[in-house]
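Presented below is the structure to which this report refers.
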Protein chains: 2
Amino acid sequence: MSDNKISTAVIKRLPRYYRYLGELIEMGVERISSNELSERMKVTASQIRQDLNNFGGFGQQGYGYNVKYLYDEIARILGLDRTHKVVIIGAGNLGRAIAGYGNFAKRGFLITAIFDINPELTGTDIGETKVSHLSELEEYARHNHIDIAALTIPKTQAVMVADRLYKLGVKAFWNFAHTDLNVPQDCVVESVHLSESLMRISYNLKSMEED
Amino acid sequence: MSDNKISTAVIKRLPRYYRYLGELIEMGVERISSNELSERMKVTASQIRQDLNNFGGFGQQGYGYNVKYLYDEIARILGLDRTHKVVIIGAGNLGRAIAGYGNFAKRGFLITAIFDINPELTGTDIGETKVSHLSELEEYARHNHIDIAALTIPKTQAVMVADRLYKLGVKAFWNFAHTDLNVPQDCVVESVHLSESLMRISYNLKSMEED
DNA sequence: TAGATTGTTAATCGATTAACAATC
DNA sequence: TAGATTGTTAATCGATTAACAATC
């Protein structure tokens, strides 16, 4: 079924199309041309059409795109038509922030467990979920499927915990630790390196001043 | 001073070089060739040399690169040799997570104020910093310089608060809201769209299964 | 000096943009 | 039908990789 490998540049843009289409739906817009959308999103109309046509022809000549239809199609392409069970490793502020973000649930990402190495946190509630001790991870995984693991723990632990999770069959990692994970090829790793993000601001501020 | 516009692809990679060099220093490694580094980082040696030579010749033929020297040079390029005053708008879990991350201070990013619209949070402490009410923003900015504003608030507020901050002279935004900011060209915007990151995981999981 | 490895030019590859025929 | 706008091919642009002369 999978078409010849879509480039990551395209994949990175899909969620943004999805967000804009969602906003258009909220505004009551029913149809939109690649040209109108390109003005809103500040990208070329050509790129929008190219990107979408990687997945099929969703528009109609002389009309444009039906907003709701395209929105649903992109959801399907992104796999948002299924639910994903997410466990969070690390019940610190970042783990809490993720656990508490309601919009994720709306998109089918369900927080099914939260683990932490700190015994004092064990048993406390975060939203609807009770924190378990990290030592219970294997036992939990034996009885529950895990689609995605969010790692909101320090880098020293993150690499090891990712190994443990991989042995338990987890194939997708949302990595917030300031390190690269060392998991096999058959895994999905999406890293959010906040410190690198901040450094880019620093660089851009500096080069703005120099003009 | 500013060399002919460095591509964003290069800038995005710089912090990662910096991280690896930091790790090498911790390991006591004094020199490294582009080849060795390329194996560790899983990028081509050619790319490393090209990237670095955008900023100058930091290596030596027949020797390679001095790790500590290169580390310091990249810090300078990234602007990490100066301090940045960061205010956080939004004292929720995400704001707290950022405020509490000690490594930022180590790189010269100082949390100088935290604002929230919720009166109940006003006066409470987050780390060393007291939360102020958002209405005090203008008064604060009159007496204190702000280099970077981190927006950890819902999208509905984020756009408006960014406008207020811009009028107060703030030129760099670390945007965690699920929206694009609408600030003028002379600003730096770095967005961390967590939901988009999660959608990419979803897509990649799906396309992995299809193989 | 011989060996190693950079800095840099040239070649390749991929992504973006432009153009336009197809068609609603 | 005439006008609008897509889907898609071709042209351009930029980024990555390969190659090698310079040089430590």
Side-chain angles (χ1 to χ4, degrees), chain A residues 2-17 20-21 24 29-74 77 200 203-204 207, chain B residues 2-17 20-21 24 29-74 77 200 203-204 207:
Chain A
S2 71
D3 295 326
N4 273 358
K5 200 59 182 170
I6 310 292
S7 88
T8 62
V10 174
I11 305 307
K12 278 198 191 159
R13 288 191 290 265
L14 279 186
R16 187 157 178 266
Y17 293 135
Y20 271 81
L21 289 164
L24 286 168
V29 177
E30 275 184 18
R31 54 176 270 201
I32 194 154
S33 67
S34 58
N35 229 300
E36 272 174 272
L37 190 56
S38 86
E39 277 167 32
R40 282 182 186 279
M41 296 188 64
K42 316 247 161 74
V43 297
T44 63
S46 202
Q47 182 167 75
I48 293 174
R49 295 203 299 278
Q50 285 276 22
D51 282 354
L52 296 177
N53 278 97
N54 279 298
F55 305 98
F58 303 121
Q60 198 167 75
Q61 282 99 327
Y63 172 89
Y65 299 88
N66 179 289
V67 175
K68 181 74 174 78
Y69 173 70
L70 185 55
Y71 180 78
D72 289 339
E73 282 298 300
I74 294 180
I77 292 164
R200 284 191 288 273
Y203 175 86
N204 287 320
S207 55
Chain B
S2 71
D3 295 327
N4 272 357
K5 201 60 184 168
I6 311 292
S7 87
T8 63
V10 175
I11 305 307
K12 278 197 191 159
R13 287 191 290 265
L14 279 186
R16 188 158 177 265
Y17 293 136
Y20 271 81
L21 290 164
L24 286 168
V29 177
E30 274 184 19
R31 54 177 268 203
I32 194 154
S33 67
S34 58
N35 229 301
E36 273 173 271
L37 190 56
S38 87
E39 277 167 31
R40 282 182 187 279
M41 296 187 64
K42 316 247 162 76
V43 298
T44 64
S46 202
Q47 182 167 75
I48 293 174
R49 294 203 300 276
Q50 284 276 22
D51 283 355
L52 296 178
N53 278 99
N54 279 298
F55 304 99
F58 303 120
Q60 198 167 74
Q61 282 100 327
Y63 171 88
Y65 299 87
N66 178 289
V67 175
K68 180 74 174 78
Y69 173 70
L70 185 55
Y71 180 78
D72 289 339
E73 283 298 302
I74 294 181
I77 292 164
R200 284 192 287 272
Y203 175 86
N204 287 321
S207 55

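Each chain gets a letter, A, B and so on, in the order the sequences are listed, and its residues count up from 1.
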What nucleotide, of dT17(C), dT23(D), dT5(D), holds the atom closest to the side chain of Gln61(B)?
dT23(D)
Leu70(A) CG to dG7(D) P: how many Å, rounded?
10 Å
Where do Phe58(A) and Phe55(A) come nearest, in terms of heavy atoms and distance?
CZ-O, 3.7 Å
Whether the side chain of Gln50(A) and the base of dT9(D) hold a donor-acceptor pair under 3.5 Å is what I'd like checked.
yes
Could you give the distance from CD (Glu73(B)) to CG (Leu21(B)), rounded to the nearest 0.5 Å?
11.5 Å
Please report the interatomic distance CZ(Arg40(A)) to CD1(Ile48(A)), rounded to the nearest 0.5 Å.
11.0 Å
Just how far, in rounded Å, is C1' of dG14(D) from CD of Gln47(B)?
13 Å
OP1 or OP2 of dT16(C) sitting under 4.0 Å from any side-chain N/O of Thr44(A)?
no
Looking at the side chain of Arg49(A), which of dT17(C), dC20(C), dT16(D) is the nearest nucleotide?
dC20(C)
If each of Gly59(B) and Gly62(A) is mapped to the nucleotide of DNA chain C with the nearest heavy atom, which maps nearer the 5' terminus, i.e. the 5' end?
Gly59(B)
Return no unless some side-chain N or O of Ser46(A) is found under 4.0 Å from OP1 or OP2 of dA18(C).
no
Just compare dT6(C), dT17(C), dC24(C) and give me whichever is closest to any side-chain atom of Gln60(A).
dC24(C)
The reported gap from CD1 in Ile77(B) to CD1 in Ile11(B) (rounded to nearest 0.5 angstrom) is 8.5 Å
Nearest of dT5(C), dT17(D), dT16(D) to any side-chain atom of Arg13(B)?
dT16(D)
Given dT6(D), dT6(C), dT17(D), identify the nucleotide with an atom nearest to the side chain of Ser33(B).
dT6(C)
Check the phosphate of dA4(D) against Tyr65(A), side-chain N and O only, distance under 4.0 Å to OP1 or OP2. Yes or no?
no
Atom CG of Asn35(A) to atom P of dA19(C): distance rounded to whole Å?
14 Å
With a cut-off of less than 4.0 Å, is there a side-chain N or O of Ser34(A) near OP1 or OP2 of dT6(D)?
yes
Counting runs of three or more consecutive pairs, Watson-Crick or G-U wobble, with each distance below 3.5 Å, where are the stems of DNA chain C?
C:3-24 with D:3-24
Among Lys42(A), Met41(A), Gln47(A), side chain to side chain contact (heavy atoms under 4.5 Å, CB included) partner for Thr44(A):
Gln47(A)
